[in-house]
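Reading through the structure tokens given below for one structure.
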Amino acid sequence: MCLPCRVMIKTSHIKIKKMIPLLQQEVKDQPPETLGFNKDGIYDSTDYRSVYHLVTNKEKRDETGYFKFSMRAFILTKLLQQGHYFLDDHGNPFTPSHEDIILTGSTLIHHLMNLQSNSAEINYWEENVLDHQKSSIEACGYAAYPLSLINHACNPNCVEFFYGKTKVVRATHFIPPGGSLTVSYGDSFLSADRDSRRDAIMKPFHFTCTCEACENDWPTFVNLPRFEMDLKCLMCKNEIHPIAKACSECRLDYNKPRAVKGMGRQDLPPYNYYDIEVKLGKLLSEFIAVTAKIAVGSTSDDDVKVVRKFIKAFCIYVCQPNFLFMNAVRFLCLICNRLGSRIYVSSQIPITS
């Protein structure tokens, strides 16, 4: 059964009939950023209000799209009439009025549009115990989640995975206080070039991606330079010259001792170039030491801490995109997927869950 029908059946015709006029009035009276929140200011994923107010991109669709949605809604309305959707307060079936049919059809069109852009694939991790390289993510359903409000980036700082039907979001980058959370709605820059990513995003989501990876046309993973660690100035975020150890933009000399907080020295850098090179080298050695264990199934807390320490340091000090950093993010995503729902297979035969 399609997701819009499931949403409406679960909510019930009686409840939808009462709520739709109120929800339509909220659209007129409230600013867009407050839509979907209940009277207590909570965004409750079990509340029909949060699903109804998900964006439809209605103004960006053409006549052909409207016609297709209308035809699907017409057929789905007929199917709902044949089933047990039109029930009264006591659970008894009744013959819907013309008003009931119009309400059902128009609400289906609304959800066909907003769930196209806001539904999520439910998946699980399939671990091949004979060849871990053949492990993969497998889909098992679709659902609407309020986490669809998280913005897209082709270099996302979070990964999504599932415990059963519960969607979990974990950070894969170091995110400073006040930083935005991002996930990928499609391919990341690691696996696809900018034009193909933008084309894939435009059709279902109706926007042109302007994330950092797209604006700067970052190369894919296989085209990233190996084993480079270009340090960045923490003041202006530009690359520090690797020989002069100085920032060409704000003129800070990173050969000098780092500034001490509260000392009032404006000419001193926030860190010493050599000290950070040594620190990153040590963290890289520790990271390389745990990758072999992670590759064959490890999800231990100690290994995760090593990966996260490496990622945090590279987020703060190293210019992006960076091959070593992105490789660490891939390992952390692998760990997160293994921590969610999973089954184990030997060749193609499931052996346990």
Checklist entry - Are any side-chain N or O atoms of N216 and backbone N or O atoms of E212, one a donor and one an acceptor, separated by less than 3.5 Å? => result yes
Checklist entry - How about F325 and H173: are their ring centroids closer than 6.0 Å? => result yes
Item to check | Pair listing, salt bridge (charged side-chain N to carboxylate O under 4.0 Å, His left out) test, anchored in residues 316-341, at least two apart | outcome: E127-R338
Checklist entry - Between the main-chain N or O of Y185 and the side-chain N or O of H152, is there a donor-acceptor pair closer than 3.5 Å? => result yes
Next on the checklist: Is it the case that the side chain of Y66 and the backbone of K58 share a donor-acceptor pair, with hydrogens and angles ignored and the cut-off at 3.5 Å?
Outcome noted: yes
Checklist entry - Cut-off 3.5 Å, side chains only: do T46 and D44 have a donor facing an acceptor? => result yes
Item to check | Partner residues of R308 under the salt bridge (charged side-chain N to carboxylate O under 4.0 Å, His left out) criterion, sequence neighbours left out | outcome: none
Next on the checklist: Among residues at least two apart in sequence or on other chains, which ones pass salt bridge (charged side-chain N to carboxylate O under 4.0 Å, His left out) with K309?
Outcome noted: none
Checklist outcome for this item: Applying salt bridge (charged side-chain N to carboxylate O under 4.0 Å, His left out) to E239 and not counting sequence neighbours gives none
Checklist entry - Does a donor on one side chain and an acceptor on the other come within less than 3.5 Å for S135 and Q133? => result no
Checklist entry - Between the side chains of S50 and D47, does any donor sit under 3.5 Å from an acceptor? => result no
Checklist entry - Do the side chain of D88 and the main chain of F94 share a donor and acceptor less than 3.5 angstrom apart? => result no
Checklist entry - Between Y124 and F162, does the ring centroid distance fall short of 6.0 Å? => result no
Checklist entry - Between T182 and N151, is any side-chain donor less than 3.5 angstrom from a side-chain acceptor? => result no
Item to check | Any residue meeting salt bridge (charged side-chain N to carboxylate O under 4.0 Å, His left out) with K17, in chain and number order, not counting sequence neighbours | outcome: D100
Item to check | Short side-chain to backbone donor-acceptor contact, S117 and P204, under 3.5 Å | outcome: yes
Checklist entry - Strictly under 6.0 Å, is that where the ring centroids of H110 and Y52 end up? => result yes
Next on the checklist: Under 4.0 Å between a side-chain nitrogen and a carboxylate oxygen: does that hold for K293 and D303?
Outcome noted: yes
Checklist entry - Around R72, counting heavy atoms of other residues, nucleotides and ligands shown, do more than 12 lie under 6.0 Å from its CZ? => result no
Item to check | N-O pairing of E26 and R49 below 4.0 Å | outcome: yes
Checklist entry - Does V278 sit in a hydrophobic cluster with other residues, and if so which ones, taking ILVMFWY side chains as linked at heavy-atom separations under 4.5 Å, directly or through other members? => result Y274
Checklist entry - Is it true that V183 and V55 fall in one hydrophobic cluster, defined by side-chain heavy atoms closer than 4.5 Å? => result no
Checklist entry - Hey, mind stepping through T220 and N223 against side-chain hydrogen bond (donor to acceptor under 3.5 Å, both in side chains) and telling me if it holds? => result CA-CA 5 Å; T220 57; N223 293 314; 3.0 Å; yes
Checklist entry - Ignoring hydrogens and geometry, is there a side-chain-to-backbone donor-acceptor pair from R61 to T56 under 3.5 Å? => result yes
Item to check | Whether F287 and F310 hold their rings parallel, tilted or perpendicular, with breakpoints at 30° and 60° | outcome: parallel
Checklist entry - Between H111 and Y48, is the ring centre distance below 6.0 Å? => result yes
Item to check | Distance under 6.0 Å and angle within 45° of ring axis: K245 vs Y273 | outcome: yes
